[in-house]
Structure formats: structure tokens, C-alpha cells
Amino acid sequence: MLHVIVDDYGDDLKIAEKIRKYCQRKSPWIFHFDTGSCNGCDIELLAAMSPKYDFERFGCLLKGSPRHADIFLVTGPVTRKCKDRLVNLYEQIPEPKVVIAMGACAVSKGIFQNAYGVCGPLDKIIPVDVYISGCPAKPEAIIDGIRKGVEILTRKSG
Amino acid sequence: MHKLMVPFGPAHPALPEPVYLKLFLDGEEIEDVDFSVGYNHKGIEKALEETDYFKNVFLSGRICGICSSAHSTCYTLGVEKLLNIEIPDKAKFIRVIVSELERLHSHLLWLGLLGHEMGFDTLFMLAFREREYVLESLELITGKRVVHDINMIGGVRRDLSHEIMVKLVKNLEILEGKVEYLRKLVRKDSLIRRRTLRIGKLDKRDVEELCLVGPVARASGVLYDIRRADKYLAYDDLNFKIVTQKKGDASARTLVRVREMLESLRLARLAIAFIEPGPIKVKPFLIFPEKEVISRVEAPRGELIYYIRSNGTDKPARVKIRTPTYANLISLKKILVGHTLADVPVAVASLDPCLSCTDRVTIVKNGKEKIIKWEDLHDHEHH
């Protein structure tokens with residue numbers, strides 16, 4: 001538990017900052033974006049949320065808006081049509097943020113090397129902090145990746 | 001009256017996949033719908049032409065992660081027709097088991113997402129909890145949870161041992177009770193009934209006019225199932241019912257899918273009982289004749305068609321894929337017009353759209369060839 005004793009009103013900002021850092025570490029919110037994946041990774045992400053794996057016990061929540069997110073989780077080999085939206089969404093996420101590339105496609109374009117509509121991999125377009133490999137990544141690997149992402153997030157927020 | 005255009009997507013919390021719906025509203029009622037897809041377009045059909053037949057099995061399995069073995073089964077059936085080879089019986093039954101388990105996992109996933117769309121997250125958690133049994137069984141058979149890659153040209157990749165079959169039967173027995181519970185829940189629960197009754201109504205004529213396929217068609221009383229119509233793999237030997245409903249609304253589609261789950265369970269158990277020891281693959285004769293073939297399978301979402309043309313080399317000259325969502329998505333206007341904005345997620349989800357296999361590029365202009373630059377295409381989508 002966090003114990004905050006407010007005895008000096010001048011320290012309000014400092015306290016708010018402290019609370020923010022604590023919340024970010026204990027409850028990172030995730031924004032998921034599909035850049036043309038085959039859905040395999042997306043359903044494994046949902047499976048990681050389900051009772052068997054349950055990443056919500058680490059305080060992680062899937063959020064619908066990029067402005068609420070701390071972690072940007074991207075699946076898929078980045079199609080041409082998605083590229084601009086991807087950059088747009090990335091810019092909307094407040095700092096500090098962590099980008100996770102999930103699945104073989106996001107990491108290296110995977111099996112879609114020859115496809116003309118693909119302009120990935122992800123790290124060519126936005127900076128990536130954590131790579132989760134696998135086609136599709138298993139829920140255990142996803143949880144591990146998110147945990148590593150939280151470590152980086154803590155380091156980034158100082 | 002001034003009409004309001006509400007954009008829905010492409011990255012919308014209610015949709016796991018990018019699709020852009022433009023909803024034109026009058027008050028709260030939807031008057032017109034326009035949609036733009038293509039966010040997932042990767043160009044797989046072209047990529048299939050650049051890789052040889054054997055590697056394409058894996059690429060076709062990754063067209064859609066949810067119905068991956070339906071895609072690779074359809075592709076391998078086509079190539080086997082091209083090469084004129086008959087696969088061993090055991091391989092057929094293993095393919096049937098994997099396909100049926102996949103239908104089960106797809107429908108459970110869909111039920112969970114439907115629950116999520118209507119704000120009933122408990123149903124989402126319930127469906128996903130039961131789905132783990134299916135994924136466990138699939139992992140036992142194929143070694144992978146989601147994209148199975150069990151098919152190869154001439155048979156299947158992995159044998160089913162006796163221990164696996166025992167475990168599988170046990171898993172399926174547990175599942176039967178759980179799915180039966182879900183069926184009762186869907187029939188009786190007032191929340192699900194109120195959110196789905198009379199939503200997105202499609203009558204039999206609409207279905208026939210729009211050529212809809214799969215559970216969407218069967219929920220409107222159209223008795224159409226490729227497993228019965230084509231009798232591919234071992235479906236000829238297995239006895240099964242085709243589930244239909246008459247009402248054609250979202251609740252009928254829910255019931256069709258839930259009852260189909262029970263039917264799939266029964267089919268999978270039946271197929272396990274039919275398995276006899278024997279080879280699981282034949283070695284294909286590696287000369288590809290110049291020929292064109294069409295193969296069809298019943299994917300979890302409906303009829304899936306592969307057209308393969310060979311030009312005598314080890315790579316296909318053309319692979320054309322028609323996926324079930326591609327056929328079903330045109331009913332979106334019929335489904336949404338007249339409903340309120342709050343019903344959009346449920347109505348769209350009741351179609352079970354899977355967009356990763358749907359996105360296409362088609363340019364037709366006076367029958368002439370035209371080269372379009374990427375920038376022009378980009379502008380084009382905004383108009």
C-alpha cells in the first residue's frame with residue numbers, strides 16, 4: 001500500500017507525481033492495435049485476459065482509447081493502409097510509453113515477406129521496446145512480455 | 001432534417017479488427033451505412049503465387065488465425081485434386097476432428113465477443129474459460145493452440161496416438177456439459193434475449209438475394225452447409241444434423257451457433273471413434289499438371305472457396321479465395337438500417353465478421369488496365 005501523508009500543501013505536485021508513478025507501475029493500461037494480423041495474436045491476447053491466464057491480476061487492462069494507455073501493443077505486419085493510423089495512434093499515447101511488438105509478423109513480417117501490401121516490420125516505423133515472438137505468441141509469453149514492458153515503463157518514468 | 005454522420009472505427013473499442021463504418025443518423029436511428037475495409041489488406045493472393053505449393057500450406061493457414069485449418073484444408077484439398085491423389089482415411093478423420101474443434105473454438109470465441117459487445121462481460125469470461133478446453137485439445141493433437149498447421153499436401157503432419165485420443169475424449173466430455181450450460185444460458189437469460197431479439201433481421205429472401213453463407217444463412221432458415229452439399233473429407237461417413245432457425249435475427253444466429261457447437265462436439269467424438277490404425281500421409285507425385293480446380297469447405301463462418309490454377313510449374317499461377325465474411329459483409333446495410341446506434345455493436349457482431357481474410361483491392365475502370373499510384377489510392381478511400 002502507498003502511504004501518503006499530506007502535511008505540506010506545497011508538495012501537492014510531488015505527491016501527484018508519486019501517485020502517478022505508483023499507478024503506472026501497478027496498473028499499466030494497454031492499448032491494442034491490429035495492423036493487419038491474421039487474428040491469431042489478437043485472440044491469444046484475449047485468451048491471456050481470460051480466467052486461465054488472467055493478466056488482469058497484474059492490474060493490466062485493455063483500453064479502447066490510446067490517450068488512456070501506457071503500453072501500446074501492436075500485432076500484425078503493418079499494412080500500407082494502417083501505417084498512417086499507427087503513427088497517429090502512437091503520437092496520441094502520453095509519455096512515458098512502451099511499445100510491444102507481438103507475434104512474428106510485428107517482429108519481422110513473419111510469413112508475409114512477399115506480400116506487396118506490407119510495409120513493416122513494426123520497428124521500421126515506430127520505436128519498439130519489447131518483442132514477443134511466436135506465431136501466434138502464447139499467453140504465457142504475452143504476460144512475460146507485458147511484465148518486461150512494465151519494467152521498462154518504470155525505468156522510463158524515472 | 002440535418003443528418004449526422006458518425007464514424008465507427010477503424011480502431012474502435014467494440015471491434016477487435018479495423019473496419020471503418022460511416023453511420024448516417026436521423027436522430028438516433030440509422031438511415032444509411034457505408035463502410036470501408038482494406039486496413040488488413042496484405043496481398044496474400046499475390047504472395048501465394050510467389051511461393052511453391054508446399055510452403056503455401058502454411059501461408060494459407062495464416063490468412064485467418066481463427067479459421068486457419070479451414071483455410072489450409074481447403075487449399076490442400078484443392079492441390080490434392082490438382083495432383084489427383086486420395087489421402088488415407090485416418091488423415092481425413094484427423095482433419096475432420098481438427099476442423100470441428102476449430103469450429104467449436106471459433107463459435108465460443110464469438111459468443112464471448114458477443115457478450116462483450118452487449119456489456120455482459122461475465123459471458124465473455126465464461127465462454128473463454130470453456131474455450132481453453134478446446135485449445136488444450138487442439139494443442140494435444142497438433143502441438144499448437146491457435147494456428148494449427150496440421151495439414152500437408154497428401155495427408156496430415158502428426159499422428160493421433162492412443163493416449164492423446166483418451167485425453168481428447170475426456171476433454172470433449174467435460175466440454176459437452178459446459179456447452180450445454182451455455183446453450184441454456186443463451187436461451188433463458190433475459191439480458192441476452194433482450195439485446196438480441198429482433199436485431200438485424202434478415203429473412204429467407206434477403207439471404208437468397210444477397211447470397212449469404214454459413215450460420216447467418218442457416219439462422220434465416222436456409223438449409224445450406226458445404227459439409228452436406230460437397231461431402232468433402234469424411235463427412236459422408238459421419239452422421240450429423242444441420243442446425244437451422246427461422247427467425248433470422250441476432251438471437252437466432254446465436255442459437256444456431258450454440259447448437260452447432262454441440263453438433264461439432266458430437267462430430268468430433270464420432271470421428272475419434274471411427275479412427276483405425278493406418279498411414280496418415282501419402283507421398284505426392286510431384287508433377288503439377290496444367291489445370292484449374294475449385295475446392296470448398298465449410299469454415300466456421302460459412303462457405304470458403306479456393307480457386308487454384310496451375311501452369312505446370314511448382315508455383316500456382318493464380319489462387320483466388322472467396323471467404324465467408326466477404327460474402328456476408330454486404331448484408332451490413334440490411335442489418336443496420338432502422339436500428340439505433342446502441343445496437344450497432346451487437347448487430348455487427350452477430351455476423352461474426354472476420355476482416356483479416358476479407359480485405360481486397362479491386363480496380364475496374366471501363367475494362368482498361370490502369371496503374372494507380374499509392375498516393376492516389378490513399379486519396380481515393382476518403383471520398
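Residue numbering restarts at 1 for every chain, and letters A, B, ... go by the order of the sequence lines. Heavy-atom basis, side chains included; hydrogens, waters and symmetry copies ignored. Nothing here was measured: the structure is a model prediction, and the numbers come from that model.
Looking at B/I63, the atoms closer than 4.5 Å to chain A (heavy atoms on both sides) all sit in the backbone: N, CA, C or O. At a 4.5 Å heavy-atom cutoff, the contact between B/F58 and chain A is made by backbone and side-chain atoms alike. Looking at B/R62, the atoms closer than 4.5 Å to chain A (heavy atoms on both sides) sit in the backbone and in the side chain alike. Proximity to chain B (any heavy atom under 4.5 Å) is shown, for A/C135, by both the backbone and the side chain. Neither the backbone nor the side chain of A/K83 comes within contact range of chain B, judged by heavy atoms closer than 4.5 Å. The contact between A/P77 and chain B is made entirely by side chain atoms (from C-beta outward), counting heavy-atom distances below 4.5 Å. Within the 4.5 angstrom heavy-atom criterion, no atom of B/K55 approaches chain A.
One distance of note links CG of B/L101 with CD of B/E139; it measures 13.0 Å at 0.5 Å rounding.
Sparse packing is recorded around CZ of A/R67, with 12 or fewer heavy atoms of other residues, nucleotides or ligands lying under 6.0 Å away.
Look at A/K14 and A/E17 and you find no salt bridge, because none of the NZ, NE, NH1 or NH2 atoms lies under 4.0 Å from a carboxylate O. Salt-bridge check for A/R147 with A/E151: passed, with a basic side-chain N closer than 4.0 Å to an acidic carboxylate O. Ion pairing between A/D129 and A/K156 holds under the 4.0 Å rule for side-chain N and carboxylate O. Ion pair B/D52/B/K315 not flagged as a salt bridge, since none of the NZ, NE, NH1 or NH2 atoms sits closer than 4.0 Å to an Asp/Glu carboxylate oxygen.
Across A/V107 and A/A101, no two heavy atoms sit closer than the pair CG2-O, 4.0 Å.
Residues B/I321 and B/L304 meet the side-chain proximity criterion, which asks for heavy atoms closer than 4.5 Å.
Among the candidates B/K46, B/H105, B/M125, the residue making the largest number of heavy-atom pairs closer than 4.5 Å to chain A is B/M125.
Looking at A/S37, its side chain never comes within 3.5 Å of a backbone N or O of A/D34 through a donor-acceptor pair.
Interface with chain A: from residues 127-136 of chain B, residues B/F128, B/R129, B/R131, B/E132, B/L135, B/E136 qualify, criterion being any non-hydrogen pair under 4.5 Å.
Among the candidates B/N56, B/N151, B/D149, the single residue satisfying the side-chain hydrogen bond (donor to acceptor under 3.5 Å, both in side chains) test with B/S72 is B/N151.
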